[in-house]
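Down below is the structure, laid out as structure tokens.
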Protein chains: 2
Amino acid sequence: MAARVTIKTIAKDLGISHMTVSRALSDHPNVQKDTRELVKKRAAELGYVKIAAATAMRGDGTRIVGLLLPNIVNEFYASFANELARICEAFSYQLIIHLTDDDLKTEHKAMQQLREVQAKAVVVVPAPGDPHLMGGDRHHLDGLDVIQLIRQRSVTGREAAILVDDAGAISAAVKHLHATGHKKIAYIGANSDLSSGRNRLEAYRKGLRESGLSEIHELIKTAPPSFSMGGNSAEALLSEGVATAIVCGGFEISNGALHALLTSGRKPGSDIAFIGYGDPSFYTWIEGGISTIRVPVSPLANQTLQVLKSGTADDENAQIFEFQAELVIRKS
Amino acid sequence: MAARVTIKTIAKDLGISHMTVSRALSDHPNVQKDTRELVKKRAAELGYVKIAAATAMRGDGTRIVGLLLPNIVNEFYASFANELARICEAFSYQLIIHLTDDDLKTEHKAMQQLREVQAKAVVVVPAPGDPHLMGGDRHHLDGLDVIQLIRQRSVTGREAAILVDDAGAISAAVKHLHATGHKKIAYIGANSDLSSGRNRLEAYRKGLRESGLSEIHELIKTAPPSFSMGGNSAEALLSEGVATAIVCGGFEISNGALHALLTSGRKPGSDIAFIGYGDPSFYTWIEGGISTIRVPVSPLANQTLQVLKSGTADDENAQIFEFQAELVIRKS
DNA sequence: ATGAAAGCGCTAACAC
DNA sequence: GTGTTAGCGCTTTCAT
């Protein structure tokens, strides 16, 4: 393989100084038009690429953005990653994705690696847990422009946060079901390990109260959220035979519950009312449409871009943005 | 924000030369044990991180791996990305994901950017089309260790390829449909821009031949693959009213076709037999189960790791690996 | 065992 | 309009 082509290669090739080459390639005004064109032509011919490391080392920064997610198969994270990646493509940023598995140590290591490559900014869905137990490393964010997504965990107090407020939509879901005649409305959601779990359950309760319904213990299923937990909870509700409607409070839970309904031959919408959480594309096209609590993805991604572009590190006080989840009623 | 901490900062702080610091930090034998420990302690306190750009510039390479995908919402790509990202996490690689949208120009630009950051290797699902029409840029792969995934498009002849052999499964799909009484079996797939498109169509034809069926021109829909292409083709087949069964030859195509069937009120399995491509989790639980040609994900990801570790650039002849797709019959 | 010098590729700051 | 110099952070080589 040929030795790599640098501005000096081109300079030597053309018998000019490497600075002229540099200037020509970055459209500096102080170059003869002919020279500039000649240089560009030759550079293209030789297959020159500007080594990013060199500019980075000079302190000119990088075009790297980090994204830290628990995983990338959950359709919400996948579509957020997709949107952010598309945005990065449009702005010629490069997106480094790290999976944290919701583990603090993994998250910490990924942050470290992003510092090493001098990422311009890092978008992170913070792992649950207390970061201060991580060995008191006060530096693991130094020089990093951090944007927290979905979950908030203040560390330096200077991280921006882009959050989702789903309380209104969850309460609305309960009230909608009540308005359409349901009195036994079940809830399947995360337990209180995460603040989002607590908040969603509280929103469900608020919906009940505002509908004049009283809480029935058997209709509330909470546990660490997962696909199978959603399925088990739905099956339990079905076999207990009390609930006439189900509201879900989590992405995986929603899919698990839906799976349980469909594979047991129940039709969401006719046999039992169902309101899911999140909005994978196939919700719109199965069983006449699955009602759901939609978490907006594009607005989150676009706001992320805005924050990326404005920069957070220089700001004294954290910027916090909240987007409303939305109740989408379809056939189920 | 404090100026960034380099080995010189630490050296000055400790009153020793920056070389000793460098050696200490990289566990070079020629350092006093006490010195080494002191240096490491001080480095941690000051929040030192080794700037990756500096090492990269010296020619020591990077730990960056690129992944070029059409998108990351398609569940197949998402789960591959997830597996690869997990592997990268385990080996302290950093994964840069670029979305190509199956567009050659976008792919080309992403490759360029990955060359700029001196990615160690690039895993790419090649976009359809003729790369030679891209302006004859013979350099856009220089210095890049390319691993083609799923689709193969020989350019330099030295790219490794990790492929799926789905010919058997596709033929089997046709034969299965014939065995269950179908005589008008349609095929929706990619056109011949990609070898995979040609191969799949050929496998479909082979299935027809081995079933004693003759090819009907109207039942074959090929075009550049996409969700909407799948949908349009399915609608065309429905309105022409000839086909009694559909076999899909692509991930997006399959979802697009399924979408078209479901939203037009057709039941895959009863109104028209349907065999999809790829195996997103919801295929198992809608409409009693969607039959499909399943592509293995984990084996692909693990083989990718193997190739990543061995390196391809130095190899004279391309390494090619093939994994078998599998026909999964469900209710549809 | 430790230090000094050189150089990776690039551009800002000076010459001229 | 063009060329020379210096330095970003790091490690290899060559002293000491």
Side-chain angles (χ1 to χ4, degrees), chain A residues 1-40 42-43 46-63 112-113 115-120 142-143, chain B residues 1-40 42-43 46-63 112-113 115-120 142-143:
Chain A
M1 189 174 32
R4 69 179 166 194
V5 180
T6 75
I7 48 171
K8 287 191 181 167
T9 319
I10 301 174
K12 216 164 285 175
D13 182 283
L14 257 41
I16 57 181
S17 103
H18 70 278
M19 264 318 292
T20 305
V21 175
S22 171
R23 280 192 267 254
L25 291 175
S26 38
D27 288 315
H28 188 97
N30 279 1
V31 213
Q32 295 271 41
K33 206 182 164 203
D34 340 350
T35 319
R36 179 169 54 238
E37 281 165 7
L38 180 62
V39 168
K40 286 192 173 181
R42 200 74 191 105
L46 296 172
Y48 167 81
V49 283
K50 187 198 296 197
I51 304 285
T55 20
M57 216 178 60
R58 297 191 68 259
D60 296 346
T62 68
R63 299 197 67 79
Q112 191 80 358
Q113 290 181 264
R115 282 221 287 159
E116 292 175 2
V117 296
Q118 301 174 89
K120 177 188 166 64
D142 277 10
Chain B
M1 189 176 31
R4 67 179 168 194
V5 180
T6 74
I7 48 171
K8 287 191 183 168
T9 319
I10 300 174
K12 217 165 285 174
D13 182 282
L14 258 41
I16 56 181
S17 105
H18 70 277
M19 266 317 297
T20 306
V21 175
S22 172
R23 282 192 265 254
L25 290 175
S26 37
D27 288 314
H28 188 98
N30 278 1
V31 213
Q32 295 272 36
K33 206 184 165 202
D34 343 348
T35 318
R36 179 168 55 237
E37 281 166 7
L38 180 63
V39 167
K40 285 191 172 181
R42 201 75 192 106
L46 294 172
Y48 168 82
V49 284
K50 188 198 297 195
I51 304 285
T55 15
M57 217 179 58
R58 298 191 67 260
D60 296 344
T62 69
R63 299 197 67 79
Q112 192 79 358
Q113 290 182 263
R115 283 221 286 160
E116 292 175 2
V117 297
Q118 301 175 87
K120 177 188 166 65
D142 278 8

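Per chain, numbering begins at 1; letters A, B, ... match sequence-line order.
- Residue A:T35 places none of its side-chain N or O atoms closer than 4.0 Å to OP1 or OP2 of D:dG1.
- Counting heavy atoms from C-beta outward, B:Y48 and B:L25 have side chains that approach closer than 4.5 Å.
- Atom CG of A:N30 is separated from atom C1' of D:dG3 by 12 Å (rounded to the nearest Å).
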Along nucleotides 8-16 of chain C, 5' to 3', which nucleotides get a B, which get an S, and which get a -, given that the test is a protein heavy-atom distance under 4.0 Å?
BBBBBB---

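- Between the CG atom of A:L38 and the C1' atom of D:dT2 there is a distance of 15 Å, given to the nearest Å.
- When the P atom of D:dT2 is taken as reference, atom CG of A:L14 falls 12 Å away, rounded to whole Å.
- Once rounded to the nearest 0.5 Å, the distance linking OG1 of B:T62 with CD of B:Q118 reads 7.0 Å.
- The CD1 atom of B:I16 sits 21 Å away from the P atom of D:dT16 (whole-angstrom rounding).
- Of the options A:L14, A:I7, A:V31, A:N30, a side-chain contact (heavy atoms from CB on, under 4.5 Å) to A:T20 is made by A:V31 and by none of the others.
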Evaluation steps, side-chain contact (heavy atoms from CB on, under 4.5 Å), between A:L46 and A:I10
CA-CA 8 Å; A:L46 296 172; A:I10 301 174; 4.0 Å; yes

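- The structure places CD of B:E37 at 11.0 Å from CD of B:Q32, a figure rounded to the nearest 0.5 Å.
- Rounded to the nearest 0.5 Å, atoms CD1 (A:I51) and CD (B:E116) are 8.5 Å apart.
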